[in-house]
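For this chain, numbers begin at 1 and follow the sequence in order. Just so you know, ligand 1 is whichever comes first in the structure, and atom 1 is the first atom listed for that ligand.
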Amino acid sequence: MESEKDLIGELQALEEEARRDVEAAEDPMELEGVRVRFLGRKEGRVSGILRRLGELPDHLRPSVGQEANRVKGVLQDLLAERERVLEREDGSGAGGEVDLTLPGRHAWIGGRHPVTRVVDEICEIFSSLGFTRARGPEAENEWYNFVALNTPLDHPAADEQDTLYLEGGYLLRSHTSPVQVRTMEQYQPPVRIVVPGMVYRRDTYDATHAPAFAQIEGLAVDEGITFVDFKATLAEFSRRFWGPGTQVRFRPSFFPFTEPSAEVDVKRLLVQPDGSRRESDWIEIMGAGMVDPAVLENAGYDSERYTGFAFGMGPGRIAMLKYGIPDIRHLYEGDVRFHRQFRGP
Ligand code: DAH
């Protein structure tokens with residue numbers, strides 16, 4: 001008959017042996033072998049002792065039972081711990097370590113870019129006035145970017161200080177106006193287009209300048225288009241875009257490709273948080289004018305027969321005014337904390 005000491009000693013020896021085997025197990029299969037050897041229901045050596053508790057004399061049962069359960073618990077812990085270690089090693093190699101306890105990554109949701117919003121809104125208004133969208137290349141040549149637009153190459157805009165020149169006589173267009181000429185070459189009047197696109201200038205990147213920015217060009221050419229059509233169309237657009245109560249003024253200006261030329265200013269009616277209304281200052285929102293006959297001729301149109309108006313604006317600047325964006329660089333840096341403010345349709 002076994003004594004209490006024998007059985008407890010045996011359990012402690014089993015514990016030591018199992019401890020060594022667990023440590024020595026190199027992979028999950030081996031570890032499972034250790035578990036079966038000591039804790040397996042049929043052949044496990046610790047389980048065997050537990051199963052035979054009932055055969056022990058009454059006075060031995062409690063102490064041996066307690067010790068067997070303690071060893072069983074210790075082994076279960078050791079096995080679980082070793083299993084975790086082996087799994088981690090198993091996943092070694094590039095990116096293989098998976099810590100399931102780490103909190104998940106936040107799924108940042110941005111929004112439609114404010115400039116995209118403004119471009120779409122402007123194009124939709126012009127679309128309802130009968131204009132369609134057109135496009136043109138960003139790599140241009142001097143003819144389309146300057147000369148055909150009645151801008152001589154010794155004009156300051158054509159200077160290397162302002163324009164980014166490419167090899168082989170090309171340049172990055174400094175405005176969307178070249179698409180006026182390209183479109184007129186391809187289509188006979190009537191032409192009514194809006195042209196959203198990127199333009200490039202040699203500007204330093206700061207709070208109010210960027211070397212690449214968006215513009216929207218507009219052009220309407222047909223028989224009998226007058227200054228009244230020009231003013232009415234742009235005033236209608238301005239009121240629709242900036243809201244009811246907006247005042248519009250046309251200030252004389254100069255552009256080589258329009259004659260006469262104007263800058264269009266708006267004075268907005270702002271609704272304050274407390275519901276009261278306040279007028280904004282006059283803000284300039286576009287350059288415009290009646291298309292210079294020389295430009296029509298350069299595009300192959302008969303300037304005796306056709307007239308038209310053109311305009312150009314910067315949706316980036318407009319987005320900054322509309323949404324109160326203080327620094328143009330927010331439009332370029334893709335910070336999701338900025339963009340999440342422009343969620344929704
Ligand atoms: N192209 C001019 C610029 O980049 C903007 C502009 C002014 C476009 C008058 C026009 C226009 O079509 O008529 O500053």
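- Residues F342 and Y323 place their aromatic rings such that the two centres sit under 6.0 Å apart.
- Aromatic rings from F255 and H175 are positioned such that their centres are separated by 6.0 Å or more.
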Show me a pair-per-line table, with atom names and distances to 0.1 Å, of protein N or O atoms that are under 3.5 Å from an N or O of ligand 1.
unit_1	atom_1	unit_2	atom_2	d
ligand 1	1 (N)	H175	ND1	2.9
ligand 1	1 (N)	S177	OG	3.0
ligand 1	4 (O)	R201	NH2	2.9
ligand 1	4 (O)	Q215	NE2	2.9
ligand 1	12 (O)	Q180	NE2	3.2
ligand 1	12 (O)	E217	OE2	2.6
ligand 1	12 (O)	F311	N	3.3
ligand 1	12 (O)	F311	O	3.2
ligand 1	13 (O)	A310	O	3.2

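- In this structure, the side chain of R317 does not engage the main chain of I328 through any donor-acceptor pair within 3.5 Å.
- The side-chain hydrogen bond (donor to acceptor under 3.5 Å, both in side chains) search around S174 returns N145, not counting sequence neighbours.
- Taking the charged nitrogens against the carboxylate oxygens, R182 and E140 do have a contact shorter than 4.0 Å, which makes a salt bridge.
- Judged purely by atom type and a 3.5 angstrom limit, E160 has no side-chain atom pairing as donor or acceptor with the backbone of Y165.
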